[in-house]
Amino acid sequence: MINQYRVFQIKEVHHQHWAKSYVQQVEDGFLIHHQNYQSAYKGKPASSDTPMTARKRLEEKRPNTFIGRAFGVGDVIVWDEEKGRKFFYVDKEELVEFGGFMDADAAGNTVVYMVPNYQIDGKTGTWLPYDSEVVEDVCFFMMRNEQRKDAVSPIVVDSKGIFVTDAPNGFENVRSILTEYVHRDKKKQPNMTEHEKCLTNGTYERARESGTEQNYDMIDGCVNNVPKKPRRIGGRWSVLDRLHIKQAERKQKEQPQQQQQERSRKN
């Protein structure tokens, strides 16, 4: 992942939400997600830069390549560095870090352990992923409401942030529901080879890689950002990293067989 930062601004169609505080957006039920925003600027930070110093610089002087409205409250800074990607909402006095603004990796996973301020479609308030569990190679996250905490039952979402089930007693009593969810999701997916996917959608590789490759010139059919070793996040080893490493190893083993099948089909 290359070091860069981008600024996104709320689209014109949602102008009633311009310049509102983070708390007000959450109370109004406005989804702070890239689908409701548009890109306004991309810059490269200095080695000593932080998201806050970048904010101050943008407030002091508008770059020539900055498009859209004046930078300010309501904008989102997407900060990319070697350690990963972070999202910051530009509030009146601070930058509020939150999760789920856009796809975090090639598989479309948006949830990151112990990153606060997730908004879940159909649920009020913001949520914190505080536990995770892998069921049949699919990672699920336990989320608690950050405003009402113990007054609201924890919920389980998949790695894309989609609500799966309420879980007042944790993972113990919902594993069968999660297994059924995985099986149902697999049935929805067409059983196609990589070659058939490319024929069906010429942008398949671009879509698959665009979650991790930060420069479109780097999209070449190979996802390069699967870590070699799991990262330690929030005091524990990343479950998603372990899962992705396992999936990458399995894919490498299956690749020669798939290539042989493709050659046989062509002949």
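Since the structure is predicted, the reported quantities are computational estimates derived from the model, not experimental observations. Basis for what follows: all heavy atoms, side chains included, without hydrogens, waters or symmetry-related copies.
- Within the 3.5 Å criterion, the main-chain N or O of K86 finds no donor-acceptor partner in the side chain of E97.
- Ring geometry, H33 versus F101: the interplanar angle falls from 30° to 60°, so the pair is classed tilted.
- Atoms OG and NZ, on S47 and K44 in that order, are 10.5 Å from each other to the nearest 0.5 Å.
- Annotation: side chain of L31 is not in contact with side chain of D121 (no heavy-atom distance under 4.5 Å).
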Worked check of side-chain contact (heavy atoms from CB on, under 4.5 Å) between I162 and V157: CA-CA 5 Å; I162 299 173; V157 301; 5.9 Å; no
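- Residue Y5 is grouped with residue M52 when hydrophobic side chains (ILVMFWY) are merged at heavy-atom distances under 4.5 angstrom, including chains of intermediate members.
- Using cut-offs of 30° and 60° on the angle between ring planes, the pair Y22 and F98 is tilted.
- Here the options are V78, L95, V90, the test is side-chain contact (heavy atoms from CB on, under 4.5 Å), and the partner is P51; only L95 passes.
- Atom CH2 of W79 sits about 13.5 Å away from atom CZ of R85, to the nearest 0.5 Å.
- Here the straight-line distance linking atom NZ of K56 with atom OG1 of T50 works out to 8.0 Å at 0.5 Å rounding.
- Salt-bridge annotation for R55 and E59: present, with a side-chain N of the basic residue lying under 4.0 Å from a carboxylate O of the acidic one.
- When all heavy atoms of G125 and N145 are compared, the pair lying nearest together is CA-ND2, 4.3 Å.
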Derivation and outcome, salt bridge (charged side-chain N to carboxylate O under 4.0 Å, His left out), residues E180 and R184: CA-CA 6 Å; E180 182 183 346; R184 189 168 61 246; 3.6 Å; yes
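- A cation-pi contact, defined as under 6.0 Å to the ring centre and within 45° of the axis, links K123 to F163.
- Y130 and Y118 fall within the same hydrophobic cluster, where Ile, Leu, Val, Met, Phe, Trp and Tyr residues are linked whenever their side-chain heavy atoms come under 4.5 Å apart, directly or through other members.
- Annotation: side chain of V152 is in contact with side chain of W127 (closest heavy-atom distance under 4.5 Å).
- The 12-atom threshold is not exceeded at CZ of R148, counting heavy atoms of other residues, nucleotides or ligands nearer than 6.0 Å.
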Pair F140-T165, side-chain contact (heavy atoms from CB on, under 4.5 Å): steps then yes or no: CA-CA 11 Å; F140 294 92; T165 183; over 6 Å; no
Check against side-chain contact (heavy atoms from CB on, under 4.5 Å), E133 and L178: CA-CA 10 Å; E133 185 160 318; L178 303 184; 5.8 Å; no
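- Under the 3.5 Å distance criterion, the side-chain polar atoms of D28 are left unmatched by any main-chain donor or acceptor of F30.
- Residue pairs meeting the side chain to side chain donor-acceptor pair (under 3.5 Å) criterion with at least one member in residues 8-18, sequence neighbours excluded: Q9-D75, H14-N36, H17-Q25.
- In terms of heavy atoms, P129 sits closest to F141 at CB-CD2, 4.1 Å.
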Worked verdict on Y41 versus L58 for side-chain contact (heavy atoms from CB on, under 4.5 Å): CA-CA 10 Å; Y41 178 69; L58 289 169; 4.0 Å; yes
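- Of the possible polar contacts, none joining the Q24 side chain to the A19 backbone as a donor-acceptor pair under 3.5 Å is found.
- When all heavy atoms of P168 and P154 are compared, the pair lying nearest together is CA-CD, 4.0 Å.
- Taking CD of E94 as the reference point, atom OG of S21 lies at 10.0 Å (rounded to 0.5 Å).
- Under a cut-off of 6.0 angstrom, the local environment of CG in D150 is sparse, with at most 12 non-hydrogen atoms contributed by other residues, nucleotides or ligands.
- Within the 4.5 Å cutoff, no side-chain heavy atoms of K42 are placed close to those of T65.
- Atom CD1 of I155 is separated from atom CE of M142 by 9.5 Å, given to the nearest 0.5 angstrom.
- Put simply, the side chain of I10 reaches to within 4.5 Å of the side chain of R69, judged on heavy atoms.
- Of all the heavy atoms in R62 and G68, the pair that sits closest is NH2-O, 2.8 Å.
- In this structure, E146 has no salt bridge (charged side-chain N to carboxylate O under 4.0 Å, His left out) partners at least two apart in sequence or on a different chain.
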